[in-house]
Every structure is written in C-alpha cells, then in structure tokens.
Amino acid sequence: MRLATWNVNSLRARIDRVEAFLQRHDVDVLALQETKAREDQLPLMGLQSLGYEVAAAGYSQWNGVAILSRVGLDDVEVGFPDMPTWGDPAAAEARAIGATCGGVRVWSLYVPNGRKVDDPHYAYKLDWLARLRDAATSWTDTPTALVGDWNIAPQDDDVFDIGAFAGSTHITPAERAAFAAFVEAGYADVVRPHTPGPEVYTYWDYYRQRFERNRGMRIDFVLGSPPLAARVTGAFVDRDERAGTGASDHAPVVVDLDLD
DNA sequence: ATGGTAGTGGGACTA
C-alpha cells in the first residue's frame, strides 16, 4: 500500500495537481492538510471517478484536513480524544481526522502553527501536541500512521539556516520535546531512514525564491507505530511537485508499506 | 523591524 501526506494549500485551487499526483505515483491513501474547503464544497467528483473515497473535516479560508482512499475508508473520526478546542471549535476540528484505510489507522494532522513564542497560539500548540500524544499512546499496538504538517523542525539540519530561526517557533526546545515525546511513546519517523543527508526539505516559503535556492524546512512527517513502522519498505519526498507555477508551498511525502 | 507570496472571498487574516 502506498500512503502519502501533503499540505496542499487549498484543495480546490490544486485539484488538477492532486489528481496528477495520485496517478503519477499510484497512491492508495492520501492525507491532505490546509484543504481550505468546507465540507459542502467537497467531495470533488473527479476524485471519486478515480476511485477514491473522501473523508473531510472542513473549514473555509484556513485549515481543513482530508483523507482520500481507494482501499476502503472506515471509522472516520473528526478530532482526537480530548483534543483542545481553543478558539473556534470548527477550526479545531479541521486540524485532525482519522480513518482506517486498508487495515491501517491513518491520522491526517495539521499541528497548530504557534505563530510566535509569546503568542497564545504557541501554548495552544504545545497543549494540542501533548493531548494528541496522550491519545496516541493507546494506539501503539495497532498499525497507526500519524501524518501531516507538524510545524516542527526536530533537528537543526531540518531548516536552511538555524541561525535565522533564533527566537522563532518550529525549532524551540519545547516544540522539539513535544515531537520527541511521540518517539518516546513508540512512534518512529519512517521517512528519514530512506531520505538520508541534510537539506531534505518538505516546505519552502513562496517568497524570496526559497525553493529555487533550496532554503526550506522539513516539517512534514509520517510517524508510525511499531506494527506500522515494521512494514515500511521505502519513502521519498516528491520534491518535483514543489516546482513550477501553481505548486503548493509543501511537497508531498510518500511511504510504501508491505501489508502482506 | 519589515516585507516578501499565495489563498479565500471580495476585507482581513493566515501561513
């Protein structure tokens, strides 16, 4: 089974790219973030004609997560147990959706950005991650994939210039500890072993020609429970998807699983 | 400290 995650930065603006991506890589399950579409603006018929079922937690303008699957899509759950709903509950629910696809529990996650370290959104981000970790701790015995935009760069090599991020979110010790807590709970970054070396990014800002100069960040991850991680046979970042006009600012991350 | 670009929706906000 081929599983992918992609912060698409508007599903409707990029539906042609999404369909091309699914076909180019023969993807079975795609977790999307920043769909920027309400549920009544979905599903998109083109995806269904390609054989994909759609589960979405929508919110107009910002956020929105979805899961597309052509290997079954069962037990859809919007939000995780005890998820904090600071601010607009609808916006909170548009950050996490879970579904069982082909025997794998997939969670499409859009971790709160955090804005600035002195912003209330930063405390919300840490609280959100801690509660997700608490919920995820009880899922480690089953094949579970926590995928999406984590808005955390766990290592200094995961940003183009660590010096430029001094005092910024995404690289603080507290955020990195929140990420590490998932690893301590048993989840593994299943992509990094297949993408060795520095400067393997998943996100490049639109401005200042950051992609052309490869000044990016690695903030999109697939974390697998032990039963899932044991079945990973390969992974890659579809860097080419970020090139050209009309691209999302994030590249898709693809993982292959041997479920036999 | 600011602004650069993109998306939504048709202004201001988010990233």
Side-chain angles (χ1 to χ4, degrees), chain A residues 5-21 31-44 56-66 84-96 108-129 147-154 158-161 163-172 175 178-179 201-221 237-253:
Chain A
T5 181
W6 189 9
N7 181 325
V8 73
N9 187 22
S10 172
L11 181 52
R12 288 174 296 151
R14 248 168 290 287
I15 188 61
D16 291 346
R17 275 184 175 262
V18 170
E19 293 180 6
F21 167 76
L32 294 162
Q33 301 87 38
E34 286 203 69
T35 53
K36 297 187 177 181
R38 299 184 309 269
E39 289 180 74
D40 63 278
Q41 295 170 312
L42 299 171
L44 298 163
Y59 189 68
S60 64
Q61 300 196 31
W62 312 300
N63 304 336
V65 286
T85 55
W86 181 84
D88 186 343
E93 292 189 345
R95 294 182 179 279
S108 180
L109 305 168
Y110 180 69
V111 175
N113 176 283
R115 300 185 181 179
K116 313 272 191 181
V117 292
D118 60 353
D119 191 297
H121 285 80
Y122 178 76
Y124 172 61
K125 178 181 192 174
L126 296 176
D127 183 33
W128 196 94
L129 284 162
V147 313
D149 180 352
W150 289 74
N151 273 313
I152 299 172
D158 293 334
V159 298
F160 63 86
D161 178 2
F165 282 81
S168 301
T169 58
H170 293 61
I171 59 127
T172 66
E175 288 165 286
F179 187 89
Y201 304 133
T202 64
Y203 163 80
W204 300 259
D205 243 319
Y206 279 124
Y207 42 75
R208 295 184 176 177
Q209 298 181 309
R210 288 252 172 97
F211 179 72
E212 289 76 5
R213 298 186 294 149
N214 196 30
R215 294 170 74 78
M217 306 172 72
R218 182 197 276 244
I219 55 176
D220 299 87
F221 296 96
V237 178
D238 184 12
R239 194 180 188 285
D240 292 343
E241 175 54 46
R242 179 61 181 83
T245 56
S248 168
D249 44 0
H250 292 250
V253 180

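What you see is a predicted model; the values in this text were computed from it and never measured. Atoms considered below: every heavy atom in the structure, side chains included; atoms not considered: hydrogens, waters and symmetry mates.
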Whole angstrom is fine here: how far is it from [atom1] in [X] over to [atom2] in [N]?
X        : N      : atom1 : atom2 : answer
A/Asp220 : B/dA15 : CG    : P     : 15 Å
A/His170 : B/dT14 : NE2   : C1'   : 12 Å
A/Asn63  : B/dC13 : CG    : P     : 16 Å
A/Trp204 : B/dA15 : CH2   : C1'   : 16 Å
A/His121 : B/dC13 : NE2   : C1'   : 11 Å

Sticking with atom [atom1], work out how far [N] lies from [M], rounded to a whole angstrom.
N     : M     : atom1 : answer
B/dA6 : B/dT2 : P     : 23 Å
B/dG9 : B/dG4 : C1'   : 22 Å
B/dT5 : B/dA1 : P     : 22 Å

### Task
Mind checking salt bridge (charged side-chain N to carboxylate O under 4.0 Å, His left out) for A/Asp205 and listing every partner two or more places apart, or none if nothing turns up?
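So A/Asp205 forms a salt bridge (charged side-chain N to carboxylate O under 4.0 Å, His left out) with A/Arg210.
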
### Message
Could you work out, with salt bridge (charged side-chain N to carboxylate O under 4.0 Å, His left out) as the rule, every residue matching A/Glu241, not counting sequence neighbours?
### Response
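So A/Glu241 forms a salt bridge (charged side-chain N to carboxylate O under 4.0 Å, His left out) with A/Arg17, A/Arg24.
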
### Query
Are the side chain of A/Asn7 and the backbone N or O of A/Asn9 linked by a donor-acceptor pair below 3.5 Å?
yes

#### Entry: Point-to-point distance, once rounded to the nearest 0.5 Å, from CG of A/Asp220 to CH2 of A/Trp150
11.0 Å

### Query
Of A/Thr5, A/Leu109, A/Val8, which meets side chain to side chain contact (heavy atoms under 4.5 Å, CB included) against A/Gln33?
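Testing each of A/Thr5, A/Leu109, A/Val8 against A/Gln33, the sole residue satisfying side chain to side chain contact (heavy atoms under 4.5 Å, CB included) is A/Thr5.
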
### Message
By the 4.0 Å heavy-atom rule, please label A/Tyr110 as base, sugar-phosphate, or nothing.
### Response
sugar-phosphate

Please write out the pairs of protein N or O atoms and N or O atoms of nucleotides 4-8 of chain B separated by less than 3.5 Å, giving the distance to one decimal.
residue	atom	partner	partner atom	Å
B/dG7	OP1	A/Arg14	NH1	3.0
B/dG7	OP1	A/Arg14	NH2	3.3
B/dG7	O3'	A/Ser10	OG	3.2
B/dT8	OP1	A/Ser10	OG	2.3

### Message
Would you call the rings of A/Tyr59 and A/Trp62 parallel, tilted or perpendicular, taking 30° and 60° as the class edges?
### Response
tilted

### Query
Does A/Asn151 or A/Arg38 map to a spot on DNA chain B nearer the 5' end, using the closest nucleotide for each?
A/Arg38

